[in-house]
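Take a look at the structure below.
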Amino acid sequence: MPGNQYSPKTLKHPRSLPRSINYLFREQRLLFVLVGVLIGSTFFILQPTLSRLGPSEARTAVTSSLSGSSSVVQSSNRGSQGIFQRRSVSGRVPADLGRRRLRIVVTGGAGFVGSHLVDKLIARGDEVIVIDNFFTGRKDNLVHLFGNPRFELIRHDVVEPILLEVDQIYHLACPASPVHYKYNPVKTIISFRSCYDEGKRTAETLTMDYHRGAGVEVRIARIFNTYGPRMCLDDGRVVSNFVAQAIRKQPMTVYGDGKQTRSFQYVSDLVDGLVALMGGEHVGPFNLGNPGEFTMLELAEVVKTVIDPSASIEFRPNTADDPHKRKPDIGRAKELLNWEPKISLKDGLPLMVSDFRNRILNEDEGKGL
């Protein structure tokens, strides 16, 4: 019927070219199009470079390119806080700038040497997992790292298996003083001098068996007498004994005639040696120690000079199997690791004495003395 006749819509003619151009210029649409093209082009130009970099390096490259600055933007390694530090670069670029962050386990990391090693690894930007059963280690040695997102502490005995995905392992979990390693002779494979005889020989043998038989990449260090802050106050080792006794106004105990010699390296020198060994290509073993020799009587005189010139000496019978001389030959470490100790006993001992004074004072206050 005429009133209900269907009438299709009239087809629209294609928009003319002038109207399309006018549409693009209206409300700055053309500007947004050009900005989008520029951003896309920048991404495709940078993409081949970014594909060859790690995540942290990629972030550095992108930030530097977009800022239009000649300086390099470098992460200050504060975890998820996203804090950055801008440094001007002229001439040679620092070697560690593009270094990959490592995930490292330190067994015995709450102990004397281990805690100093952890400090160094954290300071250079690595992630560190400490495994310690606190037999001789102390949480106080690590408490300053508890808020660091790159630090983790696990209470665990390394005689029991544990599964972790890491890049490196520094195995320092073993009682190192006579007072402690004689407490449990089964775990330390003891004769009279476990740490210097059966224990170390067995450890080196097993390590090399894994290296030769299973292809495990290993490094072996032979650590000589080491001293410094965070040593146990009463662990039976000569430096800590002398220092603690002199501070407490007790006679310094000398075993035998006091003419036996020892060499003493400051803990930071040892840590530098361990890191150099791990970062090198040589398995070892390497002697890490200070070749400077002191008799026990000479050591006692140095302690008296630093702490108390009126301190006295008390002689006692010598212990079984006490070696008369112990001096490391560090020739291979100097040649292959470019390492040698830098801190003398006279320079390092006052740093240890300061730490011992504070801890002995706090210990006495806790006892009401």
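We use all heavy atoms of the structure for the numbers below, so side chains are in, but hydrogens, waters and symmetry mates are not. Throughout, numbering of the chain's residues begins at 1 and tracks the sequence.
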Inset, instruction - Given side chain to side chain contact (heavy atoms under 4.5 Å, CB included), test R248 with L233 step by step and report yes or no. - result: CA-CA 11 Å; R248 291 168 174 158; L233 294 175; 4.2 Å; yes
Legend entry - Rounded distance (nearest 0.5 Å) linking atom NZ of K200 with atom OG1 of T207: 12.5 Å
Legend entry - Closest contact, heavy atoms only, M208 versus V218: SD-CG2, 4.5 Å
Legend entry - Check: V238 and F264 side chains under 4.5 Å, non-hydrogen atoms: yes
Legend entry - V158 reachable from L206 in the ILVMFWY side-chain graph, under 4.5 Å edges: no
Legend entry - Pairwise side-chain contact, L349 with V239, heavy-atom cut-off 4.5 Å (strictly under): yes
Inset, instruction - Say whether V271 and V105 are linked into one hydrophobic cluster, either directly or through other cluster members, by side-chain heavy-atom distances under 4.5 angstrom. - result: no
Legend entry - Least distance between heavy atoms, E293 atom then K325 atom: OE2-CE, 3.0 Å
Inset, instruction - May I ask whether Y266 and F294 are part of the same hydrophobic cluster, defined by side-chain heavy atoms of I, L, V, M, F, W, Y residues being less than 4.5 angstrom apart, directly or through others? - result: yes
Legend entry - Expected output: side-chain W339 to main-chain D269 donor-acceptor under 3.5 Å: yes
Legend entry - Backbone of P229 reached by a side-chain donor or acceptor of H116 within 3.5 Å: yes
Inset, instruction - Please tell me if the side chains of P291 and F224 come closer than 4.5 Å, counting only heavy atoms from C-beta onward. - result: no
Inset, instruction - To the nearest 0.5 Å, tell me how far E340 CD sits from L288 CG. - result: 12.5 Å
Inset, instruction - Would you check if the side chain of R230 reaches a backbone N or O of R138 as a donor-acceptor pair within less than 3.5 Å? - result: no
Inset, instruction - Starting at CD1 of I307, measure out to CD1 of I247 and round the result to the nearest 0.5 Å. - result: 4.5 Å
Legend entry - Between T253 and E314, a side-chain donor and acceptor under 3.5 Å: no
Legend entry - Nearest-0.5 Å distance that lies between atom CG in L117 and atom CG in L270: 8.5 Å
Inset, instruction - Looking only at non-hydrogen atoms, find the nearest pair between V130 and A110 and report the distance. - result: CG1-N, 3.8 Å
Legend entry - Intermediate values then yes/no, side chain to side chain contact (heavy atoms under 4.5 Å, CB included), L153 and F146: CA-CA 8 Å; L153 175 61; F146 282 2; 4.1 Å; yes
Inset, instruction - Using atom types as modelled and distance alone, determine if a side-chain donor or acceptor of S115 lies under 3.5 Å from a backbone N or O of G109. - result: no
Inset, instruction - Run the salt-bridge test on D272 and K120 with the 4.0 Å N-O cut-off and return the result as yes or no. - result: yes
Inset, instruction - Would you confirm whether Q168, through its side chain, and G279, through its main-chain N or O, come within 3.5 Å as a donor-acceptor pair? - result: no
Inset, instruction - Identify the two heavy atoms, one from V275 and one from Y170, that lie closest to each other, and give their separation to 0.1 Å. - result: CA-OH, 3.7 Å
Inset, instruction - Any chance you could measure M231, atom CE, to R359, atom CZ, to the nearest 0.5 Å? - result: 9.5 Å
Inset, instruction - Please name the pair of heavy atoms, one in D126 and one in L102, separated by the smallest distance, quoted to 0.1 Å. - result: OD1-N, 3.0 Å
Inset, instruction - Please say which of N290, T226, N225 ends up in a side chain to side chain donor-acceptor pair (under 3.5 Å) with Q265. - result: T226
Legend entry - Flag if over 12 foreign heavy atoms under 6.0 Å of CZ, F134: yes
Legend entry - Any F151 side-chain heavy atom under 4.5 Å of V118 side chain: yes
Inset, instruction - Look at atom CG of D347 and say whether more than 12 heavy atoms of other residues, nucleotides or ligands are closer to it than 6.0 Å. - result: yes
Legend entry - Donor-acceptor contact below 3.5 Å, side chain H211 vs main chain E217: no
Inset, instruction - Any chance you could lay out the side chain to side chain contact (heavy atoms under 4.5 Å, CB included) test for D235 and F112, step after step, and finish with the verdict? - result: CA-CA 11 Å; D235 64 0; F112 162 48; over 6 Å; no
Legend entry - Cluster check F286, V283: I/L/V/M/F/W/Y, side chain < 4.5 angstrom: no
Inset, instruction - Determine yes or no for a side-chain-to-main-chain donor-acceptor pair under 3.5 angstrom, with R103 supplying the side chain and E127 the backbone. - result: no
Inset, instruction - Answer yes or no: is there a side-chain heavy-atom contact under 4.5 Å between M296 and M252? - result: no
Legend entry - Path from V303 to Y255 over hydrophobic side-chain contacts below 4.5 Å: no
Inset, instruction - Please report the shortest heavy-atom distance between V267 and V113, naming the atom on each side. - result: CG2-CA, 4.3 Å
Inset, instruction - State the CG-OG distance between L299 and S263, to the nearest 0.5 angstrom. - result: 11.5 Å
Legend entry - side chain to side chain contact (heavy atoms under 4.5 Å, CB included) between D167 and R100, worked out: CA-CA 11 Å; D167 298 299; R100 182 174 69 89; 3.7 Å; yes
Legend entry - Any R222 side-chain heavy atom under 4.5 Å of E204 side chain: yes
Inset, instruction - Determine, for R332 against E335, whether the closest basic-nitrogen to carboxylate-oxygen distance falls under 4.0 angstrom. - result: no
Legend entry - D119 and L145, any side-chain heavy atoms less than 4.5 Å apart: yes
Inset, instruction - Answer yes or no: is there a side-chain heavy-atom contact under 4.5 Å between I131 and L164? - result: yes
Inset, instruction - Without swapping roles, check the side chain of E298 against the backbone of T295 for a donor-acceptor pair under 3.5 Å. - result: yes
